[in-house]
Number of protein chains: 2
Amino acid sequence: MAGKQRVEQAVVSVKRGVAQAESICKQNHARLTPLRRRVLELVLISRKPVGAYKLLEDLKHDDFSDAPPTVYRALEFLLTHGLVHRIAKSNTYVACTHPHDDHHGLMFVCRECGEAIESEEHRLLQDIGRCGDEHGFRIPNQIVEIEGICSACRMN
Amino acid sequence: MAGKQRVEQAVVSVKRGVAQAESICKQNHARLTPLRRRVLELVLISRKPVGAYKLLEDLKHDDFSDAPPTVYRALEFLLTHGLVHRIAKSNTYVACTHPHDDHHGLMFVCRECGEAIESEEHRLLQDIGRCGDEHGFRIPNQIVEIEGICSACRMN
DNA sequence: TTATGTAACGTTATAATATAACATCTTCAG
DNA sequence: CTGAAGATGTTATATTATAACGTTACATAA
């Protein structure tokens, strides 16, 4: 069944995501503490970008403090190390699918269902950089957020 | 003096912006009421993207209600008619510099000073649309927000 | 090994941004 | 003029995020 397979894939990708995070944190001499690891897992488990207070709900069930700074501090850490991205238009957070340094990218976000797909289109990002230059802007590594409608939602 | 000239230009552009808005609203059978016009003026006057509560402050001095819905409703109207844009990363609002229908665009936003420059790079926007297509995303007209550092801030 | 400084986390309070819901007033088509 | 839709006023509250300060855990150097 498609559902079961998808869940199994998700479990695998959570494991892989955490493993990548371990490796990156090691490189950066950063500590992936139980709390931070758990927040990352929750973001990885979520199939869509997820809000901070939703994560906080889930953390409650895990004996962590249920006060907002708990989740916001963990998210800040994960953002700093490029393990998750923040989607400004929906105030949500999503796991990075290509976590490594110098990470440019496009993030397509469905305005209907919230699904987000990350893409690394090198040439396009270069063009955006050039366009910024023309206006005096230097564009640092970042995720450019683009709102659209995904194919699934167009069917409905 | 550069300062004076800039203020005069600003006044001109406020007049022009309001005139364009008048025209667009007329076309759309929409009413640019005193409140909405005033909010648009305030956004036009501001040299940088401005927050809703800052606008609300200014509205107080003009005998409008100082409750949040006042400004948010006016902003919603202006957004709907493409007269202002919302910058999600900073929760701010900025006047559109090319107000017309079917408006695609890039918005470069300085992460230091907040300055925003709007650009219509037709080819680049097409490329972004194509890239979305490849991932099953349909990209409607919208402003793509890109964070960077402006030349003035790089000097400092 | 213990002292010690820094990082992480807990806790309380509050800031900043935005919307819901309902009452009243205005406008304008018929 | 009137009635319906639109615009605004008003009160309350939701949602997202951070400040400030105390405590605990951790790395590491003496």
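Each chain gets a letter, A, B and so on, in the order its sequence line appears, and its residues count up from 1. Since we're looking at a predicted model, the values are computed, not measured.
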Report the distance from atom [atom1] of [X] to atom [atom2] of [N], rounded to the nearest whole Å.
X	N	atom1	atom2	answer
A/Leu79	D/dT16	CG	C1'	14 Å
B/Leu56	D/dT10	CG	P	13 Å
A/Glu76	D/dT18	CD	P	8 Å
B/Leu55	C/dA16	CG	C1'	14 Å
A/Asp62	C/dG10	CG	P	12 Å
B/Arg37	D/dT8	CZ	C1'	16 Å
B/Leu35	D/dT10	CG	P	13 Å
A/Leu59	C/dT11	CG	C1'	16 Å

Task: Residues that A/Phe77 engages under ring-ring contact (aromatic ring centres under 6.0 Å, His included), provided they are two or more places apart - done: A/His81
Open item on the list: We want to know whether B/His104 and B/Gln126 form a side-chain donor-acceptor pair, criterion being a heavy-atom distance below 3.5 angstrom.
Closed with: no
Open item on the list: Would you say A/His85 and A/Glu118 are linked by a side-chain donor-acceptor pair, where the criterion is simply a distance under 3.5 Å?
Closed with: yes
Open item on the list: Check this for me: A/Glu22, atom CD, are more than 12 non-hydrogen atoms of other residues, nucleotides or ligands nearer than 6.0 Å?
Closed with: yes
Open item on the list: Report for the helix from C/dT1-D/dA30 to C/dG30-D/dC1: angle between first-end and last-end helix axes, five pairs each, rounded to 10 degrees.
Closed with: 30°
Task: N/O donor-acceptor pair under 3.5 Å between A/Gln142 side chain and B/Glu147 backbone - done: yes
TODO: Go through the structure and list residues passing side chain to side chain donor-acceptor pair (under 3.5 Å) with B/Lys26, not counting sequence neighbours.
DONE: none
Open item on the list: One thing to verify: whether A/Glu115 and A/Lys48 come together as a salt bridge, which I'm taking to mean a side-chain N less than 4.0 angstrom from a carboxylate O.
Closed with: no
TODO: Considering only NZ, NE, NH1 and NH2 on the basic side and carboxylate oxygens on the acidic side, decide whether A/Asp127 and A/Arg130 come within less than 4.0 Å.
DONE: yes
TODO: Indicate if A/Phe108 and B/Leu124 have the same hydrophobic cluster label, given that clusters are the connected sets of ILVMFWY residues with side-chain heavy-atom separations under 4.5 angstrom.
DONE: yes
Task: Cluster link A/Tyr93 to A/Leu44, ILVMFWY, side chain under 4.5 Å - done: yes
Show me the donor-acceptor pairs, under 3.5 Å and distance only, between side chains in residues 60-68 of chain A and residues at least two apart or in other chains.
unit_1  : atom_1 : unit_2  : atom_2 : d
A/Asp62 : OD2    : A/Arg38 : NE     : 3.1
A/Ser65 : OG     : A/Ala67 : N      : 3.2
A/Ser65 : OG     : A/Thr70 : OG1    : 3.3

Find every protein N or O atom lying less than 3.5 Å from an N or O atom of nucleotides 23-28 of chain C, and list the pairs.
none

Strictly under 3.5 Å: I want the nitrogen or oxygen pairs between protein and nucleotides 17-20 of chain C, one per line.
unit_1 : atom_1 : unit_2  : atom_2 : d
C/dA18 : OP1    : B/Arg86 : NE     : 3.3
C/dA18 : OP1    : B/Arg86 : NH2    : 2.1
C/dA18 : OP2    : B/Tyr72 : OH     : 2.9
C/dA18 : OP2    : B/Tyr93 : OH     : 3.3
C/dA18 : O5'    : B/Tyr72 : OH     : 3.4
C/dA18 : N7     : B/Tyr53 : OH     : 2.5

